[in-house]
Amino acid sequence: MACACQLNQFPCKSFSVVPPRHQSKASLPPNSIGVPSRFTDGPKLSTRDLSRARPVSRVRVANDDEWGPEPVTSGEDSAVAVAEEKEEEKPVEAAEIARLKKALVESFYGTDRGLKASSETRAEIVELITQLEAQNPTPAPTEALSLLNGKWILAYTSFPGLLTLLSRGTLPLVKVEEISQTIDSENFTVQNSVQFAGPLATTSITTNAKFEVRSPKRVQIKFEAGIIGTPQLTDSIVVPENVEFLGQKIDLTPFKGLITSVQDTASSVVKTISSQPPLKIPISNNNAQSWLLTTYLDGELRISRGDGGSVFVLIKEGSSLLTP
């Protein structure tokens, strides 16, 4: 005789024992399905009939999902839905990146590429850089060499070596005009350049290097030579009324006559020097190597990190971000 315990080997949620449809309640034995005899009025069956009568068991599986089955969508419909969702996210991400870039560039104002930045300003700059790095549109910069290619103007750095150089540019009548990095992705070369401007001429110090791609974000740089550029004579000497030195303003009005008298002599000297080729200094030191990790890159802004955790923020030449 079948019983409910025999069905426990099947994963069902609930079950009920239902009498066979071809038999009426009156024809069933009183206790064959557990009904007390006082509730049955039909004739009693013999032992042979009892052995033939087998109740029919039915199993009903409950559906856990009370809301019904989820609609089935085709792969094409799913792909279209994902694409539409991404298209909606793009304008939002682009607007946020543009806002962060603008805020970052504005935070550089008055810092002289990081030399005069206060601790509070540095903390603000670091926070903005971190947010931009989290939304980097170019996760593998070394695989997008066309974006890396070109001349990049340094806007901010925390590299001690460059900060020392910038501090020397605060000497009277000497100014660091520009610090730039030019990348030639076809020849895998890097040229770092610092331009100085004085009252009589401008000059530059340049280092040439080769780079090798080591990972999707990292390049290894090996410096090959340093070049001291030939001074270029300025069109005219403009003597300021005063200069600031060690926190003190020095009046240059009394010296204007003296400077004017030596202008012709100085100009001839500069012209003589300008006719000479640049001075090239080979760099044979095996330790003259460094690595650079690009953590953010788009068509106009690049953020890189170097040895010791130094950060460099560079803006592509011709970008509107260079315009105050």
Open item on the list: So, taking the atom named CD in E224 and the one named OG1 in T189, what distance separates them when rounded to the nearest 0.5 Å?
Closed with: 9.0 Å
Task: Presence of salt bridge, K151 and E178, under 4.0 angstrom - done: yes
- [ ] Identify whether the distance between the nearest side-chain nitrogen and carboxylate oxygen of E212 and K210 falls below 4.0 Å.
- [x] no
TODO: Verify, without hydrogens or angle tests, whether T294 (side chain) and Y296 (backbone) share a donor-acceptor contact under 3.5 angstrom.
DONE: no
TODO: For side-chain contact (heavy atoms from CB on, under 4.5 Å), just list the numbers for L148 and S185, CA-CA rounded to whole Å, side-chain angles, deciding distance to a tenth of an Å, and then say yes or no.
DONE: CA-CA 7 Å; L148 282 171; S185 60; 5.6 Å; no
- [ ] Verify, without hydrogens or angle tests, whether D184 (side chain) and V190 (backbone) share a donor-acceptor contact under 3.5 angstrom.
- [x] no
Open item on the list: If only side-chain N and O atoms count, and only distance matters, is there a donor-acceptor pair under 3.5 Å linking T295 with E133?
Closed with: yes
Open item on the list: Please give me the minimum heavy-atom distance between R122 and G114, naming the atom from each residue.
Closed with: NH2-O, 2.6 Å
Task: Verdict with reasoning, L104 to L132, per side-chain contact (heavy atoms from CB on, under 4.5 Å) - done: CA-CA 9 Å; L104 180 63; L132 275 171; 3.7 Å; yes
Task: Sole residue of I153, V176, V313 in side-chain contact (heavy atoms from CB on, under 4.5 Å) with R113 - done: V176
Task: T138 side chain vs P141 backbone, donor-acceptor pair below 3.5 Å - done: no
- [ ] Could you pull out the closest heavy-atom pair between L292 and G306, with the gap in Å?
- [x] CD1-CA, 4.2 Å
Open item on the list: Under a plain distance cut-off of 3.5 Å, with no hydrogens placed, do Q131 and E127 share a side-chain donor-acceptor pair?
Closed with: yes
Open item on the list: Using the rule that Ile, Leu, Val, Met, Phe, Trp and Tyr join whenever any side-chain heavy atoms are under 4.5 Å apart, tell me whether W291 and V311 fall into a single cluster.
Closed with: no
TODO: With rounding to the nearest 0.5 Å, note down the distance linking OG1 in T203 to CD in Q195.
DONE: 9.0 Å
- [ ] Please name the pair of heavy atoms, one in T206 and one in S193, separated by the smallest distance, quoted to 0.1 Å.
- [x] OG1-OG, 3.6 Å
Open item on the list: Is there a side-chain contact between S320 and E300 in this structure, where contact means two heavy atoms from C-beta onward sitting under 4.5 Å apart?
Closed with: yes
Open item on the list: To the closest 0.5 Å, what do you measure between CH2 (W152) and OG (S180)?
Closed with: 12.5 Å
Open item on the list: When you group the ILVMFWY residues by side-chain heavy-atom contacts below 4.5 Å and let the links chain together, are F159 and V219 in the same group?
Closed with: yes
- [ ] Specify whether Y156 and F108 have parallel, tilted or perpendicular ring planes, treating 30° as the upper limit for parallel and 60° as the lower limit for perpendicular.
- [x] parallel
Task: Modelled atom types, side-chain donor and acceptor of T182 and Q191, under 3.5 Å - done: no
- [ ] Output yes when a side-chain donor or acceptor of N208 lies under 3.5 Å from a complementary backbone atom of A225, and no otherwise.
- [x] no
Task: Worked check of side-chain contact (heavy atoms from CB on, under 4.5 Å) between I129 and R305 - done: CA-CA 11 Å; I129 287 175; R305 294 183 180 271; 3.8 Å; yes
Task: T142 side-chain N/O to S215 backbone N/O, donor-acceptor pair under 3.5 Å - done: yes
Open item on the list: With clusters defined by side-chain heavy atoms of hydrophobic residues (ILVMFWY) lying less than 4.5 Å apart, directly or transitively, does F223 cluster with F211?
Closed with: yes
TODO: Decide whether L145 and L314 are clustered together by the hydrophobic rule: side chain heavy atoms of Ile, Leu, Val, Met, Phe, Trp, Tyr closer than 4.5 Å, transitively.
DONE: yes
- [ ] Check the hydrophobic clustering (I, L, V, M, F, W, Y; side-chain heavy atoms under 4.5 Å; chains of links allowed) and say if I303 and L321 are grouped together.
- [x] yes
Task: Side-chain heavy atoms of V105 within contact of I315, under 4.5 Å - done: yes
Task: Check against side-chain contact (heavy atoms from CB on, under 4.5 Å), R218 and Q220 - done: CA-CA 7 Å; R218 181 171 173 258; Q220 192 78 17; 3.2 Å; yes
Task: Where E177 and A197 come nearest, the two heavy atoms and their spacing - done: CG-CB, 3.2 Å
Open item on the list: Please check: side-chain N/O of T121 versus main-chain N/O of A117, any donor-acceptor pairing under 3.5 Å?
Closed with: no
Open item on the list: For the backbone of L301 and the side chain of D298, can you confirm whether one donor and one acceptor N or O come within less than 3.5 Å of each other?
Closed with: yes
Open item on the list: Between S304 and R302, is there a side-chain donor-acceptor contact under 3.5 Å, judged purely by atom types and distance?
Closed with: yes
Task: Closest non-hydrogen atom pair between S158 and S310, with its separation - done: OG-CA, 3.6 Å
